[in-house]
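For the numbers below, each heavy atom of this structure counts, side chains included, while hydrogens, waters and symmetry mates do not.
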Amino acid sequence: MPAVSKGDGMRGLAVFISDIRNCKSKEAEIKRINKELANIRSKFKGDKALDGYSKKKYVCKLLFIFLLGHDIDFGHMEAVNLLSSNKYTEKQIGYLFISVLVNSNSDLIRLINNGIKNDLASRNPTHMNLSLHCIANVGSREMAEAFAADIPRILVAGDTMDSVKQSAALCLLRLNRTSPDLVPMGEWTARVVHLLNDQHLGVVTSATSLITTLAQKSPDDFKTSVSLAIARLSRIVTSASIDLQDYTYYFVAAPWLSVKLLRLLQCYPPPEDGALRGRLTECLETILNKAQEPPKSKKVQHSNAKNAVLFEAIALIIHHDSEPTLLVRACNQLGQFLQHRETNLRYLALESMCTLASSEFSHEAVKTHIDTVINALKTERDVSVRQRAVDLLYAMCDRSNAKQIVAEMLSYLETADYSIREEIVLKVAVLAEKYAVDYTWYVDTILNLIRVAGDQVSEEVWYRVIQIVINRDDVQGYAAKTVFEALQAPACHENLVKVGGYILGEFGNLIAGDSRSSPLVQFKLLHSKFHLCSVPTRALLLSAYIKFINLFPEVKATIQEVLRSDSQLRNADVELQQRAVEYLRLSTIASTDILATVLEEMPPFPERESSILAKLKRRKSPGNQPGAEEARQERERERERERERSLNGSAEHKEGGAAAAAAKTSLYPSADLLGPTGPPPSTGGSLLVDVFSDSLQAGPAPLDLAPPNTSVSEDNFSRFICKNNGVLFENQLLQIGLKSEYRQNLGRIYVFFGNKTSTQFLDFSSTLNVHTKPADPTIDAGAQLQQILNIECLEDFTPAPVLDIQFRYGGTLQNFGVMLPVMLNKFFQPTEMEAQDFFQRWKQLGAPQQEVQKIFKAKHPMDTEVTKAKIMGFGTALLDGVDPNPTNFVGAGVIHTKNTQVGCLLRLEPNTQAQMYRLTLRTSRDTVSQRLSDLLSEQF
Amino acid sequence: MMQFLLLFSRQGRLRLQKWFTPTPEREKKKIIRDMTAMVLARKPKTCNFLHWMDLKVVYKRYASLFFCLAIDDQENELLALEILHRYVELLDKYFGNVCELDIIFNFEKAYFILDEFLIGGEVQETSKQTVARCIEASDMLQETMEEYMSKPAF
């Protein structure tokens with residue numbers, strides 16, 4: 001490096017930094033800093049104007065102090081001043097200070113924007129780059145508003161320097177992430193895709209990042225990028241002769257670009273075009289082949305870069321999930337890595353195999369590595385690698401290897417790190433349930449789980465084991481015997497006491513024949529744990545005792561005595577006291593018949609998704625890459641559903657027992673074993689309701705019986721464009737009326753369903769593809785039912801929501817959809833303005849895509865007053881005296897959505913002679929202009 | 001994309017911080033604390049990757065400094081490791097055998113080099129020569145040594 005590079009060093013800054021480093025204590029450092037801050041403050045406030053150099057030096061010192069972890073509350077203004085300096089270094093320091101210190105909601109943004117604007121327009125590439133970096137670093141909304149229109153232009157302009165293009169692409173990407181609504185697609189999008197063909201690999205790399213993110217959001221707009229990406233990738237990967245100069249990294253050709261291209265391809269399904277597909281397969285095969293070649297360098301950088309490409313290629317193969325040979329090859333490759341001496345590769349291989357395990361083509365191939373993975377669990381020294389091994393075992397588990405995997409996980413759990421125990425517990429619980437053929441094995445596994453890691457066993461896990469034991473009578477005796485034995489241990493976990501109490505309370509009778517577990521022995525065993533337990537567990541035990549009174553009349557006296565003791569009847573805890581009082585009373589006054597009914601065995605629980613699984617899913621971070629991740633998750637879900645179906649095939653609903661269940665369930669604290677997915681734990685009364693509604697849903701789904709013609713009616717739809725009330729739909733049976741009101745981005749629609757027949761409609765439902773309050777299921781003959789829909793406009797939209805209506809009329813099922821007249825223009829607020837303002841704004845909205853113009857023939861008589869009423873009904877203000885031609889109509893308004901407001905101007909020019917109209921709409925967003933034009937032009 | 005990059009010493013002293021998404025100061029301090037504690041606690045010869053919240057953390061030690069980069073879940077870990085390496089190479093090329101002191105005394109340069117290499121949490125330019133050329137070019141724009149020496153130190 002030339003000497004000049006360090007020659008710019010600010011001596012004052014260097015002196016200050018060494019002073020700080022020489023400070024012997026924190027106090028001394030703070031003292032020195034405060035002295036410096038006072039000095040800088042006085043300089044900034046002084047009468048003498050500071051020269052650029054001093055300003056830069058002081059701003060730099062402030063930056064250093066800030067980076068040491070101290071707060072800085074001044075100097076921002078000086079930094080902003082530096083932006084407009086014509087000396088590069090001063091400008092640079094100004095930008096650095098702003099990037100590091102200014103948060104996105106600062107009130108200085110306006111001034112900063114000014115500086116940026118000048119640099120962006122300067123056509124000096126270094127200055128342009130500085131300003132683009134600053135926009136990307138701060139990325140605030142105001143900046144996006146100010147520059148979102150300029151950057152695409154810079155990006156695709158023919159005369160932009162390569163380095164500026166790169167910055168512009170990534171800057172645009174940043175703005176798209178923070179304020180996607182401000183970066184609308186436009187004609188630039190097509191040209192961005194062609195940057196994939198650019199000569200300069202740096203430009204291609206940046207552009208690929210941008211395109212990938214945009215393609216994830218709107219795949220259709222960037223479809224053409226697939227073939228370009230494959231061509232580019234193929235040129236990098238398969239041709240050995242090409243010289244990539246400095247883009248070759250440790251003998252690997254353009255690893256960053258390759259990985260980005262492979263990532264871009266993961267936004268799409270495999271190409272349908274055969275040739276293209278062949279070319280891609282060839283690329284992927286070449287990458288896999290290269291992994292087998294001897295390394296070209298011993299440096300870790302070489303193998304890292306090479307394997308980075310390999311892993312990304314495997315990710316793409318898994319994403320496509322369509323070429324069995326490639327999948328199996330990928331799996332074999334990862335298998336090799338499982339035994340690699342590099343810890344990093346073992347880690348990544350385990351991680352990558354997890355996703356491979358969910359493909360039907362490679363699941364079996366993954367399973368062959370089970371011993372290696374189990375070995376990793378036992379021998380890896382690094383906890384993060386062991387964690388990945390647990391994940392993989394979970395993913396590769398199926399009926400054939402479940403016993404082995406669960407056993408290994410349980411034995412690992414004994415020594416596992418605390419950080420990952422809870423997750424392992426959940427996984428074991430899920431697997432044990434999913435693959436249980438023999439439910440005694442399931443019960444053993446969960447009890448073992450509680451023994452080994454009782455503290456990590458969450459409520460969901462022990463709720464679930466009880467749920468399953470209650471639903472399966474073949475395992476109840478075994479469960480009672482096993483918990484009884486487990487409770488013999490001198491020290492057992494409280495969770496075991498809970499499970500034990502519940503199960504013996506229900507099924508203790510099944511083992512009472514053996515004198516070693518006679519009723520009295522069972523009771524004494526449970527009660528010996530009572531005093532060591534927390535209040536909720538004690539409450540549960542009290543319920544178990546009252547169940548004992550019903551099961552075993554011979555221990556009634558003993559139990560009543562316990563309930564009667566002061567420590568129960570006068571317990572400080574109100575729940576325990578109440579239970580003791582009520583149970584004692586119940587046992588004394590109720591006849592055996594009543595006792596037997598009230599305390600009858602629990603009926604089976606309705607089968608729903610395991611709450612453990614839900615919890616495990618919550619723990620996993622939500623992957624937010626829409627394409628690849630979701631497809632994978634969907635496959636995973638499908639597989640799970642399949643397994644569950646085969647497992648729960650025998651689960652039956654005993655509807656008759658449901659009412660009794662309600663009464664009894666409330667005896668147990670938090671008896672809702674279904675966890676968060678179940679009904680809210682509550683009194684018997686509301687549970688009854690829930691059981692009722694549940695059975696309704698469980699009944700045969702009316703949809704299945706319906707003929708598959710669910711036509712959507714939109715007859716009267718267009719009538720509602722300029723008005724809010726009226727009849728939306730009518731046939732021989734049903735009339736649907738609407739009353740709606742809108743304010744800004746919110747709306748409320750009252751829907752009235754009128755039964756025109758003389759028969760009652762049954763099973764009536766009207767649902768929207770969004771949330772609605774369910775309508776009453778019956779409509780009496782000749783009666784009307786009202787449903788209220790609350791609407792919020794989140795962003796501009798075109799398709800209208802569809803109201804799905806179903807009911808039974810005299811035994812036949814009626815099913816149809818009605819398009820709800822919720823259109824974009826409903827969220828208009830009219831804006832009054834003067835002619836001068838109007839034309840100024842009209843000019844501002846002059847970009848070609850902002851304007852939509854339509855010429856059409858009049859469908860109705862051309863009446864001025866009617867037209868005026870329609871424009872006002874459409875939602876805009878009607879502006880008089882704006883257009884020089886008095887026969888023209890001019891309107892203005894603002895569309896409110898949750899996040900943005902879109903200003904709209906419209907002009908309608910009638911030509912009575914030709915019976916034609918010309919409608920022009922200008923808004924700040926092209927989609928809005930188009931939609932409004934489509935809506936309004938239908939009206940005249 | 002990348003979320004943040006931290007450089008800290010073996011004693012846990014922060015030497016450089018770069019945030020690619022707006023993060024409140026309080027949050028930053030917490031993350032820095034978590035990261036230093038987590039990375040410094042790792043034993044030698046363990047792998048260079050960690051899961052943290054919903055991010056992947058990739059770290060590597062160069063002499064007395066830890067380089068620690070947090071990336072999104074779907075990013076490529078190995079390549080992230082090479083991003084760190086490329087940054088070290090760039091620093092090395094600029095300072096000539098870079099050491100922790102170079103980064104302390106010329107922190108602004110370390111930032112400028114980083115900005116040429118990464119932007120908005122994505123790699124901008126992977127060519128070492130191109131980045132070095134950019135830095136060199138901007139250095140040439142600076143005033144001469146003499147100009148600076150004539151200025152007062154305070």
Side-chain angles (χ1 to χ4, degrees), chain A residues 1-9 11-12 14-15 17 21 53 60 63-64 67 87-89 92-93 96 103-104 126 133 136 139 163 166-167 170-171 173-174 202 205-206 209 246-247 249 255-256 259 301 304-305 307-308 311-312 343-344 347-348 381-382 384-385 621-623 625 628-629, chain B residues 1 14 16-17 21-22 24 29 43 45-51 53-54 73-74 76-79 81-82 85-86 93-96 104-108 111-112 115 119-130 134-145 148-149 151-154:
Chain A
M1 268 293 121
V4 67
S5 66
K6 276 175 256 176
D8 72 308
R11 263 203 298 153
V15 170
I17 294 176
R21 287 181 54 77
Y53 169 79
C60 220
L63 193 55
F64 181 77
L67 290 171
K87 289 215 174 78
Y88 180 73
T89 46
Q92 204 181 16
I93 293 289
L96 179 61
N103 43 27
S104 39
T126 24
H133 280 138
S163 67
Q166 285 168 270
S167 309
L170 296 175
C171 187
L173 167 55
R174 177 82 171 82
T205 310
S206 304
S209 298
D246 205 30
Y247 290 92
Y249 181 82
W256 275 282
V259 164
Q301 282 74 31
N304 278 353
N307 292 327
F311 274 107
E312 206 62 47
T343 317
N344 285 344
Y347 174 99
L348 293 174
R381 297 207 316 227
D382 185 346
S384 16
V385 183
S621 56
Q625 185 189 3
E629 269 304 306
Chain B
M1 76 177 275
L14 193 65
L16 187 132
Q17 45 175 315
T21 44
K29 288 195 172 138
K43 297 194 187 88
K45 296 217 173 145
T46 48
C47 73
N48 297 79
F49 317 127
L50 293 167
H51 273 237
M53 314 292 273
D54 52 354
D73 188 48
Q74 68 272 37
N76 193 310
E77 291 103 328
L78 284 175
L79 217 50
L81 210 49
E82 293 318 299
H85 187 75
R86 191 21 70 94
K93 190 163 164 73
Y94 184 79
F95 290 109
I104 296 172
F105 277 95
N106 302 284
F107 67 95
E108 79 282 9
Y111 273 102
F112 297 149
D115 271 348
I119 161 171
E122 299 284 346
V123 177
Q124 174 181 216
E125 180 51 81
T126 62
S127 156
K128 187 154 76 170
Q129 285 165 14
T130 312
C134 284
I135 303 283
E136 211 172 311
S138 67
D139 271 343
M140 296 310 282
L141 289 172
Q142 300 179 5
E143 296 84 326
T144 58
M145 185 94 161
Y148 271 100
M149 295 308 282
K151 309 270 183 191
F154 275 88

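- If you measure heavy-atom distances from K45(B) to chain A, the contacts under 4.5 Å come from both the backbone and the side chain.
- With no hydrogens or angles considered, no side-chain donor-acceptor pair links S206(A) and E122(B) at under 3.5 Å.
- Side-chain atoms of E125(B) and Y247(A), non-hydrogen and from C-beta on, do get closer than 4.5 Å to each other.
- Between the side chain of H133(A) and the backbone N or O of D115(B), at least one donor-acceptor pair lies under 3.5 Å.
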Could you walk me through whether L63(A) and F107(B) pass the side-chain contact (heavy atoms from CB on, under 4.5 Å) check? CA-CA 10 Å; L63(A) 193 55; F107(B) 67 95; 3.9 Å; yes
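- In this structure, D246(A) contributes its side chain and Q129(B) its backbone to a donor-acceptor pair below 3.5 Å.
- Here the closest non-hydrogen pair linking P255(A) and L79(B) is O-CD2, 4.0 Å.
- Taking CD from E108(B) and CG from L67(A), the interatomic distance works out to 10.5 Å, rounded to the nearest 0.5 Å.
- Here the side chain of N344(A) pairs a donor or acceptor atom with the backbone of N48(B) at under 3.5 angstrom.
- Here the straight-line distance linking atom OG of S167(A) with atom CD1 of I119(B) works out to 4.5 Å at 0.5 Å rounding.
- Both the backbone and the side chain of Q124(B) have a heavy atom closer than 4.5 Å to some heavy atom of chain A.
- When each of N307(A), L170(A), L173(A) is scored by its heavy-atom pairs under 4.5 Å with chain B, the top score falls to L170(A).
- For T205(A), there are no side chain to side chain donor-acceptor pair (under 3.5 Å) partners, not counting sequence neighbours.
- To the nearest 0.5 Å, the span separating CG on N76(B) from CZ on F311(A) amounts to 8.5 Å.
- Both the backbone and the side chain of I17(A) have a heavy atom closer than 4.5 Å to some heavy atom of chain B.
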Checking F112(B) against T89(A) for the side-chain contact (heavy atoms from CB on, under 4.5 Å) test, could you report, in this order, the C-alpha distance in whole Å, the side-chain angles of both residues, the deciding distance, and whether it holds? CA-CA 11 Å; F112(B) 297 149; T89(A) 46; over 6 Å; no
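- In terms of non-hydrogen atom pairs under 4.5 Å with chain A, the most contact-rich of L50(B), L14(B), L16(B), I104(B) is I104(B).
- Closest approach of V385(A) and C47(B) over heavy atoms only: CG2-SG, 4.2 Å.
- By the 4.5 Å heavy-atom criterion applied to side chains, K128(B) and Y249(A) are not counted as neighbours.
- A heavy-atom distance below 4.5 Å is not found between the side chains of R381(A) and T46(B).
- In this view, E82(B) satisfies the salt bridge (Lys or Arg N to Asp or Glu O under 4.0 Å) rule with no residue, not counting sequence neighbours.
- Considering only heavy-atom pairs separated by less than 4.5 Å from chain B, the leading option among V259(A), D382(A), T343(A), L96(A) is D382(A).
- Contact of the H51(B) side chain with the S384(A) side chain is not registered, since no non-hydrogen atoms from C-beta on lie closer than 4.5 Å.
- Both the backbone and the side chain of F105(B) come within contact range of chain A, judged by heavy atoms closer than 4.5 Å.
- Atom CZ of R174(A) is separated from atom OG1 of T21(B) by 6.5 Å, given to the nearest 0.5 angstrom.
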